[in-house]
2 protein chains.
Amino acid sequence: MTRWAPDAPARLEQAAIELFASRGYAATTVPEIAERAGLTTRTFFRHYTDKREVLFLRERDFPRIVSELLAAAPPALTPWGLVMHGFETVVSRDFDGWREGMRRRRAIIRSDPHLRERELLKSSMLSRAIEEALVARGAEDAELLARLGSAVFDTALDAWLDDDADPPLLQVLRATRARMLRLVD
Amino acid sequence: MTRWAPDAPARLEQAAIELFASRGYAATTVPEIAERAGLTTRTFFRHYTDKREVLFLRERDFPRIVSELLAAAPPALTPWGLVMHGFETVVSRDFDGWREGMRRRRAIIRSDPHLRERELLKSSMLSRAIEEALVARGAEDAELLARLGSAVFDTALDAWLDDDADPPLLQVLRATRARMLRLVD
DNA sequence: TGTCCTGATGACATGTTGTGTCATCACTCT
DNA sequence: AGAGTGATGACACAACATGTCATCAGGACA
């Protein structure tokens with residue numbers, strides 16, 4: 001047990017989500033978030049580089065996770081199969097059950113372009129991690145593959161969050177991948 | 001002839017590019033940019049909502065242009081053909097010749113995550129415009145098509161800027177589209 | 001038991017970004 | 001000539017973000 005209440009980052013995240021949801025992102029200030037978490041403004045900025053970042057605590061590990069996943073994947077896969085294998089694995093492990101929380105978070109993010117911007121940067125960093133993992137395995141066209149994979153994944157995620165029937169995300173992802181094949185020529 | 005020197009937005013853009021290039025994005029302040037353009041800080045923020053935006057003056061018209069292009073495209077095209085038709089048209093009209101300017105701008109944008117973020121938002125807004133144009137023409141899977149198109153376009157643009165042989169962007173775009181077909185399964 | 005070290009936090013100061021508000025002044029329209 | 005328009009200047013100010021030093025609980029170790 002440490003001297004301070006533990007998990008300052010998580011407490012700040014929780015306080016921020018509550019305030020953003022109730023009075024809006026732009027209308028809540030960092031001092032307000034810090035106070036609700038029982039901390040000071042300065043401490044907020046020690047854990048998060050800026051006000052937007054507090055909504056993306058979970059995303060911090062994504063690039064590393066995907067990177068490890070791709071490095072450990074079966075060697076026989078095609079490059080595109082490898083990319084989709086990574087997404088399918090992480091999706092089966094980490095996503096189902098979080099749907100409601102993700103919906104709430106998405107509603108906040110959609111309410112402000114600054115948050116949308118940060119979300120796009122996170123997605124782009126994930127794409128970059130995929131690209132590097134592909135290069136490490138000697139694949140060609142890593143940049144294009146990573147971007148296409150991200151496009152399919154992001155679209156699947158949106159469809160999953162919008163679908164009130166709440167199917168498994170893995171199923172939506174595979175369907176989106178198949179849709180893509182039918183569309184392009 | 002107006003009372004003030006014309007083209008305040010363009011002058012601010014020019015001043016900003018010069019300062020960003022010489023001393024870096026983070027190290028130049030808005031008052032410095034404004035002074036170099038012969039204007040005040042307050043006037044800078046009248047023309048640009050924030051410091052990042054000054055690098056994206058040209059992007060303002062993109063969504064409208066693509067939108068009009070897709071609305072006026074031949075009706076016989078497949079949805080994917082329509083998306084790529086839009087990119088191919090705009091690319092042939094507006095891009096060749098700007099390569100050096102775009103390379104300089106890209107170097108600045110890559111130097112700072114805040115600028116990269118804004119660039120991603122612009123790309124996303126373009127994608128959204130494509131999606132809406134597709135919906136207006138009654139296409140299915142508009143979101144996925146727009147995202148895939150953007151992925152191909154962004155990748156082609158990067159390859160074009162990196163290729164010292166300076167081929168026509170249209171050619172690079174078509175090659176990227178073809179590469180994509182070979183990759184996915 | 002006492003001392004030193006460590007690391008998270010608080011306290012304070014400060015620079016930068018972004019906005020609200022009102023005044024100014026050249027130009028235009030009538 | 002006088003009223004209206006619209007871009008800009010001037011000023012005030014809130015919020016964001018960072019640098020720096022002080023504080024203080026707990027662990028390591030003699």
Side-chain angles (χ1 to χ4, degrees), chain A residues 1-57 60 108-109 111-119 121, chain B residues 1-20 22-57 60 108-109 111-119 121-122:
Chain A
M1 187 49 77
T2 67
R3 160 177 42 151
W4 302 279
D7 260 337
R11 267 159 51 223
L12 287 164
E13 180 199 32
Q14 184 58 29
I17 288 177
E18 289 164 8
L19 289 173
F20 291 168
S22 66
R23 58 178 98 164
Y25 168 77
T28 104
T29 69
V30 174
E32 287 166 349
I33 299 169
E35 198 205 340
R36 174 176 266 249
L39 295 165
T40 49
T41 302
R42 190 64 186 86
T43 296
F44 177 95
F45 285 111
R46 280 202 188 88
H47 292 283
Y48 298 103
T49 57
D50 55 51
K51 187 179 159 189
R52 302 176 272 302
E53 197 68 10
V54 74
L55 279 179
F56 299 90
L57 180 58
R60 291 223 246 253
I108 297 173
I109 290 172
S111 76
D112 193 295
H114 289 108
L115 293 172
R116 177 84 185 112
E117 235 178 334
R118 181 56 49 85
E119 184 183 45
L121 184 64
Chain B
M1 188 48 76
T2 67
R3 161 176 43 149
W4 302 279
D7 261 336
R11 268 158 52 221
L12 287 164
E13 181 198 33
Q14 184 58 29
I17 288 176
E18 290 164 7
L19 289 172
F20 291 168
S22 66
R23 59 177 98 161
Y25 168 77
T28 104
T29 68
V30 173
E32 287 167 349
I33 298 169
E35 197 204 339
R36 174 176 266 249
L39 295 165
T40 48
T41 303
R42 190 66 187 85
T43 295
F44 177 94
F45 285 112
R46 280 201 188 90
H47 291 284
Y48 298 103
T49 57
D50 54 51
K51 186 179 159 189
R52 302 174 273 303
E53 197 68 11
V54 74
L55 279 179
F56 299 90
L57 180 57
R60 292 225 246 251
I108 297 173
I109 290 173
S111 75
D112 192 294
H114 289 109
L115 293 171
R116 177 86 185 110
E117 236 179 334
R118 181 54 50 85
E119 184 184 45
L121 184 63
K122 295 296 177 184

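In this text the structure is predicted, and so the values were computed from the model without any measurement. First the proteins, then the strands, lettered A, B, ... as listed; each starts at 1.
Leu121(A) places none of its side-chain heavy atoms less than 4.5 Å from the side chain of Phe56(A). The shortest distance between side-chain heavy atoms of Leu19(B) and Glu32(B) falls below 4.5 Å.
In this structure, Thr43(B) reaches the dG9(D) phosphate: one of its side-chain N or O atoms is under 4.0 Å from OP1 or OP2. Side-chain nitrogen and oxygen atoms of His47(A) include none within less than 4.0 Å of the OP1 or OP2 phosphate oxygen of dA8(C).
Among residues two or more places apart in sequence or in another chain, the salt bridge (Lys or Arg N to Asp or Glu O under 4.0 Å) test is passed with Arg36(A) by Glu18(A). Scanning for side-chain hydrogen bond (donor to acceptor under 3.5 Å, both in side chains) contacts around Asp112(B) gives His114(B), with sequence neighbours left out. With sequence neighbours excluded, the residues satisfying salt bridge (Lys or Arg N to Asp or Glu O under 4.0 Å) with Arg116(A) are Glu119(A).
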Check: residues 42-49 of chain A side-chain donor-acceptor pairs under 3.5 Å, at least two apart:
from	atom 1	to	atom 2	distance (Å)
Thr43(A)	OG1	Thr40(A)	OG1	3.2
Tyr48(A)	OH	Pro9(A)	O	2.8

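A salt bridge does not link Arg52(B) with Glu117(B): every distance from a Lys NZ or Arg NE/NH1/NH2 to an Asp or Glu carboxylate oxygen is 4.0 Å or more.
Side-chain N/O atoms of Arg46(B) and base N/O atoms of dG18(C) include no donor-acceptor pair closer than 3.5 Å.
Glu35(A) places its CD atom 12 Å from the P atom of dA11(C), with the value rounded to the nearest Å. Per the geometry, CG belonging to Asp7(B) stands 19 Å off P belonging to dG6(D), to the nearest Å. As rounded to whole Å, 15 Å separates atom P of dA8(C) from atom OH of Tyr48(A).
Closest approach of Ala34(A) to Thr41(A), counting heavy atoms only: CB-N, 3.7 Å.
Within residues 9-19 of chain A, no residue is approached by DNA chain D to less than 4.0 Å at the level of any non-hydrogen atom.
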Show me the protein contacts with nucleotides 14-17 of chain D, counting only N or O atoms at under 3.5 Å.
from	atom 1	to	atom 2	distance (Å)
dC16(D)	OP1	Lys51(A)	NZ	2.9
dC16(D)	OP2	Val30(A)	N	3.2
dA17(D)	OP2	Lys51(A)	N	3.0

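Nearest nucleotide to the side chain of Leu39(A), out of dG19(D), dG10(C), dT8(D): dG10(C).
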